[in-house]
Amino acid sequence: MPVRISRQGPAAVVTLDWPQKRNVLGPPQGRELTDALVEVGHDPDVKVVILTGNGAFSAGGDLTALRELAARGPAVVRDNIYGVFQKLITTLVGLPVPTIAAIDGPAIGIGLDVALACDHRIIGPDGWLAQGWAALGLIPGTGGVSLMQHVAPGALWTTLGSSERMTPSGAERLGLAVASSGGALSAAHVDADRLGRLPRATLTGYVELSRAELRERLPGHLEACLRLQVDLVASPDFLERTSRFASPTRPATVAEAGE
């Protein structure tokens with residue numbers, strides 16, 4: 001299975017594990033990751049969820065799959081954005097326990113949005129961030145604008161349109177993540193062990209309070225994202241921008257479009 005679940009102390013570790021494709025997210029991977037998050041969220045023994053990736057956190061969306069959806073028409077694009085990718089974000093934001101993104105590789109596009117949907121982000125020496133969407137002529141269809149404003153107000157306009165990678169120090173300076181010189185996953189376990197000393201009910205209370213504003217505004221924001229993104233993905237401009245990345249043998253990624 002491309003998504004692995006393991007347990008260490010109070011934490012459930014959900015790992016994206018298709019490193020040969022840099023953990024890009026197409027509809028099948030999005031569904032599987034959502035199912036994994038639902039599973040660990042329902043486990044009463046889990047007090048913290050750590051989300052990470054093998055080799056990369058996630059290098060973004062699978063552009064080849066997205067182009068195929070676009071060719072099938074706006075209704076298919078809408079169904080997959082809403083029913084798969086936005087559902088992934090709302091599931092993550094709806095988890096009853098604290099979530100930590102351990103970023104030990106690139107987190108780009110939807111990969112960055114997934115990290116931003118977590119309560120806490122730690123970025124290791126090999127980690128880097130990129131907004132990604134704008135290079136494709138798209139907006140963050142998975143709520144990245146609202147998520148970034150929730151995490152680090154003002155960071156959007158600093159990063160939008162930039163072709164530069166956000167290094168660990170740059171991400172920390174913008175307030176998007178905490179840099180760890182010893183690796184993100186090991187630092188995430190330290191934080192999880194600290195949080196795990198508290199009762200699950202107490203942690204759930206803090207989660208409810210800290211996410212209350214985000215949970216209130218996110219549904220309306222995602223509805224606007226859906227309306228805008230469907231038109232952009234179905235446009236000739238998107239197909240033209242991504243045509244040189246299309247491949248019948250491997251998924252093209254947002255990372256390639258931004259490089």
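For the atom pair I81 CD1 and T142 OG1, the distance stands at 9.0 Å (nearest 0.5 Å). Residue Q149 holds its CD atom at 7.5 Å from NE2 of H221, rounded to the nearest 0.5 Å. Annotation: the span from I50 atom CD1 to I100 atom CD1 amounts to 5.0 Å, rounded to 0.5 Å.
What you find for W128 and I108 is that their closest heavy atoms are CH2-CD1, 3.4 Å. When all heavy atoms of A184 and D104 are compared, the pair lying nearest together is N-OD1, 2.8 Å. Nearest heavy-atom pair, F238 versus V233, reported as atom, atom and distance to 0.1 Å: CD2-O, 3.3 Å. For H189 against V13, the heavy-atom pair with the smallest separation is CE1-CG2, 3.5 Å. Across every non-hydrogen atom of A11 and A192, the tightest pair is CB-CB, 3.9 Å. Counting all heavy atoms, side chain and backbone alike, F57 lies closest to A107 at CD2-CB, 3.8 Å.
One finds no salt bridge joining D45 and R7 here, because no Lys/Arg side-chain nitrogen approaches an Asp/Glu carboxylate oxygen to under 4.0 Å. One finds a salt bridge joining D119 and R211 here, because a Lys/Arg side-chain nitrogen approaches an Asp/Glu carboxylate oxygen to under 4.0 Å.
Listed by first then second residue, pairs satisfying salt bridge (charged side-chain N to carboxylate O under 4.0 Å, His left out) with a partner in residues 214-231 read E213-R217, not counting sequence neighbours.
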- Message: Test side-chain hydrogen bond (donor to acceptor under 3.5 Å, both in side chains) on S58 and N23; report intermediate values, then the result.
- Response: CA-CA 5 Å; S58 172; N23 298 331; over 6 Å; no

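No option in T204, T202, L203 other than T202 meets the side chain to side chain contact (heavy atoms under 4.5 Å, CB included) test with Y206.
Using a 4.5 Å heavy-atom threshold, the side chains of L37 and L95 count as touching. Residues I89 and L218 are in side-chain contact: their nearest non-hydrogen atoms beyond the backbone lie under 4.5 Å apart. Proximity of L51 to V114: side-chain heavy atoms (C-beta onward) are separated by under 4.5 Å at one or more points. By the 4.5 Å heavy-atom criterion applied to side chains, D35 and E39 are not counted as neighbours.
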